Participant: 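Here it is, the structure, as structure tokens.
Values reported hereafter were calculated over all heavy atoms of this structure, with side chains retained and with hydrogens, waters and symmetry mates removed. As the structure is a prediction and not an experimental result, all values here were calculated from the model. Letters A, B, ... mirror the listed sequences (proteins, then strands); counts begin at 1.
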Number of protein chains: 2
Amino acid sequence: MPTPPLNSSPESKSADAFAPSREASKEITVRFNNAAVEEKVPEKVNIREVARQAGVSVATVSMVLNASPRISRSTHIKVQKMIDKMGYRPNRLAQSLSGRYTQVVAVMLPPLRHAFADAYFGEILSGIADRAGKLGHKLLIEQAKPQFVKEGKHLELYERRFVDGVLCLGFNEKHSFLSDFAARRYPMILVDNRFGDNLLDYVHCDYRLGAQQAMNCLLQLGHRSIGMVYAAPESPTARDVVETYTSSLVAAGITPSEHWLVDGCFTDEGGAEATRILLSRDPQISALLCGNDKMALGAIRYLTTHGHRVPDDVSVVGFDDIQHLAYANPSLTTVHLPLYELGVLACEKLVERIRGKVEHVAEVLPTHLVLRESTGMMRSLRS
Amino acid sequence: MPTPPLNSSPESKSADAFAPSREASKEITVRFNNAAVEEKVPEKVNIREVARQAGVSVATVSMVLNASPRISRSTHIKVQKMIDKMGYRPNRLAQSLSGRYTQVVAVMLPPLRHAFADAYFGEILSGIADRAGKLGHKLLIEQAKPQFVKEGKHLELYERRFVDGVLCLGFNEKHSFLSDFAARRYPMILVDNRFGDNLLDYVHCDYRLGAQQAMNCLLQLGHRSIGMVYAAPESPTARDVVETYTSSLVAAGITPSEHWLVDGCFTDEGGAEATRILLSRDPQISALLCGNDKMALGAIRYLTTHGHRVPDDVSVVGFDDIQHLAYANPSLTTVHLPLYELGVLACEKLVERIRGKVEHVAEVLPTHLVLRESTGMMRSLRS
DNA sequence: AACCGTTGTTAAAACAGTTTACCATTCTTG
DNA sequence: CAAGAATGGTAAACTGTTTTAACAACGGTT
């Protein structure tokens, strides 16, 4: 019975109802109107058939396929011609079964409702997809729902030979299952974060540098009471920002206050609410550093709808530089993260890992501040 | 923005459960430094080994795996126990090679720069991913770059046995390669569009119904000069909206004008520019129907930054109901498309197709208008 | 002429499952 | 009580590649 094995769910019942269509071999004739128009569905051709037709052995065809130097030029041409003529395409299941690699990598996303629609993930994913394509790899996507992880499906990905490696996006130190990858020595790169004491391979953006630049900017504009809307204290890179924020204040001779720090949960609404709390705690606040653009947008929305002008009364800086926000009103000053490039790099490093490179991967990509309209000089300093 | 929270994560314990497997089989010792730290990597175990240990034939283990009714209860239990004990996981490359299915479906996205970060695609993808998971299928993602299609990689997907079927998102009649799927009779479902004269299997939202409701709303509010920001005239569903818009006007005794129609390219900026053109052509326009939310947002942005109040001067209706826009200011009245459900349905239908069901798939999901703040009564009618 | 390397090709053994045809038992039934 | 039908299990063939060891043919040394 060819119906799905293992993970059959209630749904597979209805599937059984469909007659397991017998393999209609040879070619299928498709009928349009009453004329029998030949629409040849290419007969399934395998390496044996090609070898027979070309008058060589199966091994030879295989070696031609893999451009082995042991094949003479003349044989190569002869076989290649037959391959083209027959429209032969090697079955990659057989290739992977017999070979070492599947040429597939997985991307794991966190179980957020809108993980697939997220600009942040999307940008990284673009980079991953482009590089994976160039390296001849396919991309599998998975959302790491709690159930998924609990059932060990993240390990099954390797053990059942679905993929050669995994890229993990949007996870942090709270996600302890990540250490499973290290324990089994399966190729995995954590993207835009670190984990444990360099336990895992990672690539991430330089959040410290970005935060430093953002703070320098705000301080130079004369701001002294600067609030911060952070998020995910479990995330090392998110902590980098908070730490840099604090140390920048100290370096400028300002005493950081616990009251200037509020969690905005990385969401638009969270950013708005955090801003409300911050201003109620300290109305003197004239600038806000936000952990991502979504929260910055929420902050601006709250401010403008509650009688505060941006940037005249309060300056706002974000993090991410997600697209289409340059058009917001006012447009957002933000720390640009090279997310596309990060995706490219992550994919590259993962493939190196898969191919046997052993060095620990720990790359950090530079960030920079993009000055737009949401920041301005401190009120009292203006002429 | 790195790390969003993982919904409920008491995984700290379950993770330990995966770590070192105390399997009965042989184990590999990995050495760190000079201390011999035991890190048991599970020895690769195959079906033959399981059969030997359980004292049955390979065929029996296979049948247990696939829950064949030909296996007695007692044998089933005995073998299953050994499977669990040895931590055996069937190699799915071998399974797919000898079986009929790969249990993988591909999602093809159009070659837009931000296809992965798009709220519209993301929502559909969520539905697809959820249902695919439940049906025991993995998801492959591909972006149909021109080069990709030119090289016939979309067909290679089937012919090299990467996938059993494909879901196509964001394509229209201009994308002629879509007919290749039909010609080869490969399972494919076109999502949220039609193609040719029902040449392809499809599922889409009821754009006519949505447009009808939107127009009824605007007309009932007293609007007579209604502009439309459309996009992608090559897309049948997009044409549905324009046609419904036109016929609604006619039905209301209004003569539609060519000047009321401008292409907004589905983008934010396009929507803004289209709005500029529309108002310059006819300053009387008091309402806009936009082909998607992004263009509607662009329209609102243009209007509010050019001295037109929304909805006091101009009402705006969108299409899609993408998340986080309910918070926009003013919040957007829009036609809700059941995109998540569409993804679920598409995936379901595709899997039925793969399993041999032959009926033509042509499903249309109902839509409805969501009234928010961007629409209001025609100026002159207000008291 | 015997020996040694190359060079190019091949047969056969993996890879890890599913499926089929057949073979014992045991259970009905005339 | 023998014939026929279930029942439960197995050996072997099959899926389509890669890889390895062996080998033939040939030119170049001693």
Participant: Separation of A:Arg52 atom CZ from D:dT17 atom P, in whole Å?
Facilitator: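 Value for this atom pair: 15 Å.
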Participant: Would you call the rings of A:Phe181 and A:His154 parallel, tilted or perpendicular, taking 30° and 60° as the class edges?
Facilitator: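 Correct class here is perpendicular.
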Participant: Rounding to an integer number of Å, can you tell me how far B:Tyr101 OH sits from D:dT15 P?
Facilitator: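 Value for this atom pair: 18 Å.
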Participant: If we only count heavy atoms from C-beta on, is the A:Ile71 to A:Thr60 side-chain gap below 4.5 Å?
Facilitator: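 Yes. Closest side-chain heavy atoms under 4.5 Å.
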Participant: For A:Ser72, which contact category applies under a 4.0 Å heavy-atom criterion: base, sugar-phosphate, or nothing?
Facilitator: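 Result for A:Ser72 = sugar-phosphate.
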Participant: Hey, which of these two, A:Arg100 or B:Gly99, hits DNA chain D nearer its 5' end, going by closest nucleotide?
Facilitator: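 The residue whose closest nucleotide sits nearer the 5' end is B:Gly99.
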Participant: Going by atom types only, do B:Gln95 and B:Tyr101 share a side-chain donor-acceptor pair under 3.5 Å?
Facilitator: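 On atom types as modelled, these side chains do not qualify, holding no pair under 3.5 Å.
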Participant: What is the distance, to the nearest angstrom, from the CE atom on A:Met63 to the P atom on D:dT18?
Facilitator: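 Atom-to-atom, A:Met63 to D:dT18, this comes out as 10 Å.
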Participant: Roughly, in whole Å, what's the span from CD in A:Glu49 to C1' in D:dT15?
Facilitator: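 Result: 15 Å.
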Participant: When you check the phosphate oxygens OP1 and OP2 of D:dG8, does a side-chain N or O of B:Thr75 lie under 4.0 Å from one of them?
Facilitator: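 Checking D:dG8 against B:Thr75, no side-chain N or O comes under 4.0 Å of OP1 or OP2.
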Participant: Do you know which two heavy atoms are closest between B:Ala144 and B:Phe177, and how far apart they sit?
Facilitator: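 That would be CB-CZ, 4.4 Å.
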Participant: Using a heavy-atom cut-off of 4.0 Å across all strands, would you classify B:Leu93 as base, sugar-phosphate, or nothing?
Facilitator: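 Nothing, no nucleic acid heavy atom in range.
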Participant: Once you round it to whole Å, what is the distance between C1' of C:dT18 and CZ of B:Arg161?
Facilitator: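 Distance check: B:Arg161 CZ to C:dT18 C1' gives 12 Å.
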Participant: Would you check, one step at a time, whether the test salt bridge (Lys or Arg N to Asp or Glu O under 4.0 Å) holds for B:Glu49 with B:Lys44?
Facilitator: CA-CA 10 Å; B:Glu49 201 55 29; B:Lys44 246 203 221 150; over 6 Å; no
Participant: Summarise protein proximity over nucleotides 11-17 of chain C in one line of letters, 5' to 3': B for base, S for sugar-phosphate only, - for none, counting protein heavy atoms closer than 4.0 Å.
Facilitator: B---BBB
Participant: Quick one: side-chain contact (heavy atoms from CB on, under 4.5 Å) partners of A:Thr102, sequence neighbours excluded?
Facilitator: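 Residues passing side-chain contact (heavy atoms from CB on, under 4.5 Å) with A:Thr102: A:Ser96, A:Val104, A:Arg161, A:Asp164, B:Leu93.
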